[in-house]
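Read through the structure below, which is laid out as structure tokens, and then see the notes.
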Amino acid sequence: MKRVYNFSAGPAALPEAVLNRIQNELINHHGSGMSVMEMSHRSHEFEAILKRAEDDLRYVLAIPNHYEVLFLQGGASLQFSMIPLNLCVNRHVSFIHTGEWSQKALEEAEKLAEVDLIASGKADQFRKLPDLSQVHIQAKTDYVYYVSNNTIYCTQFKPLPKIDHHLVVCDMSSDLLSRPVQIEDFGLIFAGAQKNMGIAGLTIVIIRKDLLERSHSSLSNMLNYQTLAKHRSLYNTPPVFNIYVAGLVFEWVKEEGGLAAIQQENLAKAQRLYAYIDHSQLFNNDVNPADRSTMNVSFRSASATMDEAFIEFSKAHRIANIKGHRLVGGMRASLYNAMSMEGVEQLISCMKAFEEQELGQ
Ligand SMILES: *Cc1c(COP(=O)(O)O)cnc(C)c1O
């Protein structure tokens, strides 16, 4: 079978150039006589892979030296607990609630701290982002938390909001590396790798170094940012293969022209698809236009039954994983970095063909 156009929300498509490199280097990595999966994490070869991955990520994201980059496990979801465990001093945190991922993080934070919901999109069923111009942040709050791109409800902060607090924490799981980010606006940024950066099992944490002092020595070592940073992500055996793959993706981003070029391409892909949906007689999108995500595009046809029929229909057009999240229904097309404009055009021609079939035009 030929490769399909994979619109999965995560684990998501990887650039084909990266897959080819993995294949070429798999059995015998750079003449080492072994694969990366079989290497000691203390070997020179692996140390070089880790250093290169970190250097390239620092380069593409322009991460200043007073930030630490950690390569961790446990998924983005473990950060929902690690963040309050490490960063709470007053046990008071402020949340901007924009959907399922902020909900899950909020539930974990509530186990450890008082949560102040400073803004919420719940009244709009999360199809519109809350207005942040009037938010009140209490002086005692330890940090302000939000999610930059809401993978499930398909909304995204564009541009990222300016939040008046010295410690802003952001879950960028589904849009880190899709556009340039002003790192210094944040105290901590984290992201699971399986959307834009690689494969599941690796989580990237970018943390301002002064914050490491907040980690108490009574914390378990594996949950302690200070310990993990001191050991340069090698406190225990790291996910060596996942770090290698992420490193290849960072190199690919550089070769593509960096994040400014990637962002242009992502905007063009999303605009193309939204423009088609907005002109379609059959398909529609119900997200507040200003808040539409460039990464995850949701749409529906005339009914849930017809959505099912479209999902089946799309498979014959080599389109995969277009089914919407169970909380939202309909369809969802994830347009991460590895999805080409060609893939978007293929989806649109498939939608057009279905529309003609259903509406008999
Ligand atoms: C996918 C996702 C997560 C969860 O990631 P895991 O690695 O499965 O824990 C968290 N937040 C956002 C915004 C996501 O898209």
Side-chain angles (χ1 to χ4, degrees), residues 6-14 70-85 93 95-109 111 119-122 126-127 129-130 143-158 160-161 168-179 181 186 188-207 222-223 228 233 238-239 241-243 245-246 249 266 270 287 291-298 321 323-328 332-339:
N6 181 3
F7 290 90
S8 170
L14 286 165
L70 304 176
F71 293 83
L72 307 180
Q73 302 188 59
S77 299
L78 184 59
Q79 296 310 309
F80 301 165
S81 307
M82 280 176 72
I83 290 161
L85 280 169
V93 301
F95 264 72
I96 297 166
H97 187 19
T98 52
E100 192 64 5
W101 292 116
S102 61
Q103 173 70 31
K104 288 206 163 115
L106 189 157
E107 284 167 14
E108 294 298 330
K111 295 174 185 174
S120 172
K122 197 169 180 180
F126 302 116
R127 305 305 261 174
L129 291 169
Y143 57 84
V144 178
Y145 183 105
Y146 77 97
V147 181
S148 55
N149 181 68
N150 297 285
T151 327
I152 295 172
Y153 290 99
C154 303
T155 60
Q156 183 181 32
F157 284 102
K158 300 171 292 166
L160 290 164
V168 176
V169 173
C170 193
D171 176 356
M172 295 197 191
S173 287
S174 50
D175 69 353
L176 187 63
L177 233 54
S178 73
R179 56 178 168 177
V181 175
F186 301 89
L188 187 150
I189 293 168
F190 70 99
Q194 69 271 26
K195 276 80 183 228
N196 264 322
M197 296 191 291
I199 55 179
L202 172 68
T203 306
I204 303 286
V205 172
I206 302 166
I207 180 170
M222 283 298 288
L223 301 176
L228 296 162
S233 306
F241 192 73
N242 311 51
I243 292 171
V245 173
V249 172
N266 285 333
V287 173
D291 302 328
R292 286 169 163 183
S293 170
T294 54
M295 295 280 98
N296 313 96
V297 178
S298 66
N321 292 317
K323 190 174 164 57
H325 189 276
R326 68 196 140 75
L327 286 173
V328 177
R332 172 176 55 174
S334 295
L335 311 181
Y336 301 127
N337 293 351
M339 176 53 64

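Ligands are counted one by one from 1 in listed order, and the atoms in each one are counted from 1 as well. Note that the structure is a prediction, hence the values are computed from the model and not measured.
Interface atoms of ligand 1 facing Ser174, defined by a heavy-atom separation under 4.0 Å, are 15 (O). Applying the 4.0 Å criterion to heavy atoms of Ser173 picks out, from ligand 1, the atoms 2 (C), 10 (C), 11 (N), 12 (C), 13 (C), 14 (C), 15 (O). Remark: ligand 1 atoms within the under-4.0 Å shell around heavy atoms of Lys195 are 1 (C), 2 (C), 3 (C), 14 (C), 15 (O). The contact set between ligand 1 and Gly75, taken as ligand atoms under 4.0 Å from a residue heavy atom, comprises 7 (O), 9 (O). Near Gln194, with a cut-off below 4.0 Å to any heavy atom, the atoms of ligand 1 are 5 (O), 6 (P), 7 (O), 8 (O).
Of all protein heavy atoms, the one lying nearest to atom 5 (O) of ligand 1 is Ala76 CB, 3.4 Å. Given atom 15 (O) of ligand 1, the protein heavy atom at minimum distance is Thr151 OG1, 2.5 Å. Atom 9 (O) of ligand 1 has as its closest protein heavy atom Ser77 OG, 2.6 Å. For atom 11 (N) of ligand 1, the nearest protein heavy atom (residue, atom name, distance) is Asp171 OD2, 2.7 Å.
Looking at Arg332 and Thr151, their side chains never bring a donor and an acceptor atom within 3.5 Å of each other.
Proximity of a side-chain donor or acceptor of Asp175 to a complementary backbone N or O of Gln156 within less than 3.5 Å is not detected. Under the 3.5 Å distance criterion, the side-chain polar atoms of Asn242 are matched with a main-chain donor or acceptor of Ala200. Proximity of a side-chain donor or acceptor of Asp291 to a complementary backbone N or O of Leu129 within less than 3.5 Å is detected. Between the side chain of Tyr336 and the backbone N or O of Ala9 there is at least one donor-acceptor pair closer than 3.5 Å.
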Evaluate Tyr153 against His325 for ring pair (Phe, Tyr, Trp, His ring centres under 6.0 Å), listing each step before the verdict.
CA-CA 8 Å; Tyr153 290 99; His325 189 276; 7.8 Å; no
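Only the side chain of Val147 comes within 4.0 Å of ligand 1, counting heavy atoms alone; its backbone N, CA, C and O stay farther away.
In summary, Lys104 and Glu107 do not engage in a salt bridge, as defined by a charged side-chain N under 4.0 Å from a carboxylate O.
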